[in-house]
Participant: 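Handing you this structure, nothing more for now.
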Amino acid sequence: MTTKEIFFFLYLLLTPKATLHALLPPFTLGQRVGCSYLLFYFWLQETPKSGSSTTCPRRCNCDSAQTVQCYRIIEIPTEMPFTTKRLYISHSKIKQLQVSDFGRISGLEELILSCSGTESIENNTFKALSTLQTLELCKNKLRRIPTFLPSSLEVLKLGDNSINAIHGSDLEGLKKLRVLDIQNNLILALSFSTLSSLCSLQSLILDGNNMESVSGPLKLPKLKYLSMANNKLHSFLGHFFEPLQDLQFLSFSGNHLEKVPPDLPKSLLSLKLERNRLKTVRFRDMQHLENLSELFLSENQLSSIDGAHLLPNLIALELSRNQLQAMPLRLPARLQKLDCSNNLIRQVTAQDFQGLRNLRHLFLDNNAVSLFEAGALQRCAQLSNLALEQNLLISIPLRLPDTLARLDLKGNDIQDVGEQELKDLKQLQVLNLRNNKISSLDRKVLEYLPRLRHLYLDGNPWNCTCDLLRTRKVLMAKRTDVKGGQCVAPIGSQGESWMSSQKILQQCEDDFSSAERIKEARKEMKTDDFPSVGINVDDDYYDYEID
Ligand SMILES: *[C@@H]1O[C@H](CO)[C@@H](O)[C@H](O)[C@H]1NC(C)=O
Ligand SMILES: *[C@@H]1O[C@H](CO)[C@@H](O)[C@H](O)[C@H]1NC(C)=O
Ligand SMILES: *[C@@H]1O[C@H](CO)[C@@H](O)[C@H](O)[C@H]1NC(C)=O
């Protein structure tokens, strides 16, 4: 109802009959009342809609989709639109929640109250919210799980509070609950009978508590995702995993486990055991995990790995930051990603990679590799990413697979970069040669690399001869982004960079006879099909850059 209509309505009611006769066709009192009643009826019909936009509480935004968002408030606003379905509050100061806070908005479906210093919640506060599906009270100061939650609840998130126990009665009757997240609280122990009424639970997150051991059986038949990372777990009692017939994702990263739990559910697809105290992994005890595709074992104390081929569907294996002295033996043929970085591996042989036809990403950086057998990776016909930085290589391994897109050799002892080593790498886009002992780079080497986009050359003792300027021209024509190239020799060029120095250009120009220049220039006109990018046409010196 518009303002105009309201005025008309009042006008009809209040205007003396005489005036009306002058303005409008004659109305009887009955007609007037009838008409007013009709308008009043329309006004009532419209009230809820216009009401919600006019009564949006201070410091809140209310939109037509029945969503209210409030910031910096100190209590649940009393004048909330009573049709509110979603209420989001954050960065506020609401010490306590009570039953009366939600009386007006009993149709609430989603309540998210975070970062608001909430310490306590009166009994039954949420009980009457019979349509509440999502309740998130993260980053507050709650010391316990709210009591008497409505049975309609599907998602309950209480992360980053100070809850120190889960009581049997807390979660009773939540038969629709799918997601329970109590991460980063102070829970010491968990008796899983307290969770036994959660027959629909799919996702349980208990990361970042202080749990030392848990005892089962964990009777949650629908559970797909279980994460208990960053606790102090060292054992699992009472057939803990037995009822979990559907579990796909399991994380125990950041605990105190000394061995892989033996009776893991065979439905697992992903298993995270990083940052534990594993000294060995017995793949025989895991071979029932026929669909396991990801296994994360980084940051343990493993000194060798053998037999992962018993996991036939393994696609990613992470073993970074252990104490492996050699490459893992008998790897599964489906493997696409292998991370053995930050170990003590000294050599790489063809034997190690025999059946790994699907390997795409291989990380061997930060080891002690000094021996890399020629052609060791030849069978890995899909390899695109090879990380060999921070090893002890004195040359680039020979016969690398021609599928490589990225090759990192930073921080080795490489002196020479030869044609032979790089000539097949037609797909190479990124080559990192930073921090080696390279002093020269023949342009021919780069001509073999048609797709090179990024080349890292800093931290090498470049001898800036005029030959390097030929290389420079090739790189510019390719539009390769080059980092570094500081000259160490000759003395006169120290501190200059051969990719950008005008001084070196000048010197080299003086070295060439003009006859040679003309000859070179002619040849270039015929053969140069490089795009003329990155060329400054005002730069006289450029004409004398030699091909
Ligand atoms: C709230 O409920 C709990 C558990 O049912 C009960 O022990 C407690 O006494 C109740 N608190 C109040 C103030 O009624
Ligand atoms: C492994 O995956 C296949 C295909 O999705 C499925 O049929 C089979 O039941 C799974 N095995 C287990 C033990 O869950
Ligand atoms: C730099 O290269 C020139 C020409 O090949 C050579 O004579 C000279 O010894 C080299 N300087 C260093 C420090 O290697």
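Counting starts at 1 for both ligands and their atoms, in listed order.
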Participant: With nothing but distance in play, are any N or O atoms of Ser267 less than 3.5 Å from an N or O of ligand 2?
Facilitator: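 N/O-N/O distance under 3.5 Å: no.
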Participant: Just grab all the ring pair (Phe, Tyr, Trp, His ring centres under 6.0 Å) pairs involving residues 92-132, residues at least two apart or on different chains.
Facilitator: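 As it turns out, the ring pair (Phe, Tyr, Trp, His ring centres under 6.0 Å) pairs with a partner in residues 92-132, which skip direct neighbours, are Phe102-Phe126.
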Participant: Taking salt bridge (charged side-chain N to carboxylate O under 4.0 Å, His left out) as the definition, give me every residue that meets it alongside Lys337, ordered by chain and number, with sequence neighbours left out.
Facilitator: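 Salt bridge (charged side-chain N to carboxylate O under 4.0 Å, His left out) list for Lys337, sorted by chain: Glu318.
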Participant: Just by modelled atom types, is the Asn164 backbone N or O under 3.5 Å from a matching donor or acceptor in the Asn209 side chain?
Facilitator: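 Here the side-chain-to-backbone pair does not exist.
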Participant: Okay, side chain of Asn185, backbone of Ser162: is any donor-acceptor separation there less than 3.5 Å?
Facilitator: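 Judged by distance alone, yes, a pair lies under 3.5 Å.
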Participant: Distance under 4.0 Å, heavy atoms only, partner ligand 3: which residues pass?
Facilitator: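 The answer is Asn463, Thr465, Ala489, counting any residue whose heavy atom sits under 4.0 Å from ligand 3.
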Participant: Side-chain polar contacts of residues 263-272 - donor-acceptor pairs under 3.5 angstrom, sequence neighbours left out - could you list them?
Facilitator:
residue	atom	partner	partner atom	Å
Ser267	OG	Gln245	O	3.2
Ser267	OG	Leu247	N	3.2
Ser267	OG	Leu247	O	2.7
Ser270	OG	Glu294	OE1	2.9

Participant: Under 4.0 Å from ligand 1, counting heavy atoms only, is it the side chain of Thr147, its backbone, both or neither?
Facilitator: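 Looking at Thr147 and ligand 1, no heavy atom falls under 4.0 Å.
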Participant: Atom CD1 of Ile305 and atom CG of Leu295: how far apart are they, to the nearest 0.5 Å?
Facilitator: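 Here the rounded value is 8.0 Å.
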Participant: Show the atoms of ligand 2 that are less than 4.0 angstrom away from any heavy atom in Asn291.
Facilitator: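 Answer for ligand 2: 1 (C), 2 (O), 3 (C), 8 (C), 10 (C), 11 (N), 12 (C), 14 (O).
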Participant: Checking the side chain of Asp442 only, and the main-chain atoms of Lys444 only, is there a donor and an acceptor separated by less than 3.5 Å?
Facilitator: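 Yes, the answer is positive, given that a donor and an acceptor are paired below the 3.5 Å cut-off.
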Participant: Parallel, tilted or perpendicular, judged at 30° and 60°: which one describes the rings of Phe240 and Phe236?
Facilitator: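 Tilted, since the angle between the ring planes falls between 30° and 60°.
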Participant: What part of His288, side chain from CB on, backbone N/CA/C/O, both or neither, has a heavy atom under 4.0 Å from ligand 2?
Facilitator: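 The answer is neither.
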